[in-house]
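To find a chain, count down the sequence lines: A is the first, B the second, and so on, and within it residues start at 1.
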Amino acid sequence: GENVEQHPSTLSVQEGDSAVIKCTYSDSASNYFPWYKQELGKGPQLIIDIRSNVGEKKDQRIAVTLNKTAKHFSLHITETQPEDSAVYFCAASTKTSYDKVIFGPGTSLSVIP
Amino acid sequence: EAQVTQNPRYLITVTGKKLTVTCSQNMNHEYMSWYRQDPGLGLRQIYYSMNVEVTDKGDVPEGYKVSRKEKRNFPLILESPSPNQTSLYFCASSFGTSGGSYNEQFFGPGTRLTVL
């Protein structure tokens with residue numbers, strides 16, 4: 001079955017710097033890769049996603065890149081702000097088994113003012 | 001307000017005492033799912049439901065039951081809880097894969113369960 005790894009597990013950056021979180025997946029059939037942000041005491045919330053027919057997607061300060069050959073995808077946050085501090089989860093699923101969404105273990109991001 | 005609600009938010013119980021965690025969504029979503037979140041393991045899927053009366057096992061279904069009698073509700077049942085089921089539980093819902101597309105999962109606020 002699918003396995004998603006995520007690095008680093010914790011990340012501290014100075015406000016205004018960039019943050020990069022990397023994930024790898026094992027199932028070459030995976031073709032949908034969402035990223036979720038979980039703030040303290042809340043449930044995860046989708047922040048951006050990418051499909052396998054796209055190499056990069058950007059939404060304001062966040063961007064996601066996908067390398068299907070290497071089976072890895074990354075989240076990039078530029079000009080980080082204190083409100084970006086949260087736990088971030090990457091995930092992978094396939095069209096034929098969307099019901100099985102496999103999450104990575106999470107990255108705890110701290111943005112230091 | 002569109003949302004997924006869970007009750008209770010916090011629960012402390014003892015081994016073997018049956019409990020139910022309720023989940024309800026008001027977005028007319030077809031797909032609902034339960035996850036447990038444990039440190040270092042991320043979110044692991046327990047059970048999911050593609051529609052009313054249609055449920056299936058996720059990756060960690062042992063010790064849990066679910067039912068989907070109505071579209072909006074998807075309760076999680078622990079018939080005989082054990083300490084290894086101490087965890088943070090999330091319910092989620094989405095429109096599913098209608099039309100062959102993917103849809104965002106909306107998560108509830110979580111239920112923190114402690115089994116003594």
- Task: Look at atom CG of Leu40(A) and say whether more than 12 heavy atoms of other residues, nucleotides or ligands are closer to it than 6.0 Å.
- Result: no
- Query: Taking atom CZ of Arg44(B) as the centre, does the number of heavy atoms from other residues, nucleotides or ligands within less than 6.0 Å exceed 12?
  - Reply: yes
- Query: Under 4.5 Å between any side-chain heavy atoms of Leu46(A) and Gln105(B), yes or no?
  - Reply: no
- Item | Cluster link Tyr31(B) to Val52(B), ILVMFWY, side chain under 4.5 Å | no
- Query: So if you build clusters from Ile, Leu, Val, Met, Phe, Trp, Tyr with side-chain heavy-atom gaps below 4.5 Å, do Phe74(B) and Leu78(B) land together?
  - Reply: yes
- Message: Can you confirm whether more than 12 heavy atoms, excluding those of Glu79(A), are under 6.0 Å from its CD atom?
- Response: no
- Output for pair (Gln38(A) CD, Leu43(B) CG), nearest 0.5 Å, gives 6.5 Å
- Heavy-atom distances under 4.5 Å only: say whether Asp38(B) touches chain A with side chain, backbone, both or neither. neither
- Query: Can Leu88(B) be reached from Tyr64(B) by stepping across I, L, V, M, F, W or Y side chains whose heavy atoms are under 4.5 Å apart?
  - Reply: no
- Partner of Pro44(A) under side-chain contact (heavy atoms from CB on, under 4.5 Å), picked from Tyr35(B), Phe106(B), Phe90(B), is Phe90(B)
- Note on the structure: Checking heavy-atom separations under 4.5 Å from chain B, one finds in residues 103-113 of chain A Phe103(A), Gly104(A), Pro105(A)
- Query: Near Lys71(B) NZ, under 6.0 Å, is it more than 12 heavy atoms from other residues, nucleotides or ligands?
  - Reply: yes
- Item | Pairs of heavy atoms under 4.5 Å with chain A: top-ranked of Pro39(B), Gly42(B), Ala92(B) | Gly42(B)
- Query: Any link between Val101(A) and Tyr47(B) through a network of hydrophobic side chains (Ile, Leu, Val, Met, Phe, Trp, Tyr) touching at under 4.5 Å?
  - Reply: no
- Task: Let me know if Gln37(B) has heavy atoms under 4.5 Å from chain A in its side chain, its backbone, both or neither.
- Result: side chain
- Query: Going through the checks in order, is the side-chain hydrogen bond (donor to acceptor under 3.5 Å, both in side chains) test met by Glu104(B) and Gln45(A)?
  - Reply: CA-CA 9 Å; Glu104(B) 172 184 358; Gln45(A) 185 172 12; 5.5 Å; no
- Message: Does Glu83(A) have more than 12 heavy atoms from other residues, nucleotides or ligands lying within 6.0 Å of its CD?
- Response: yes
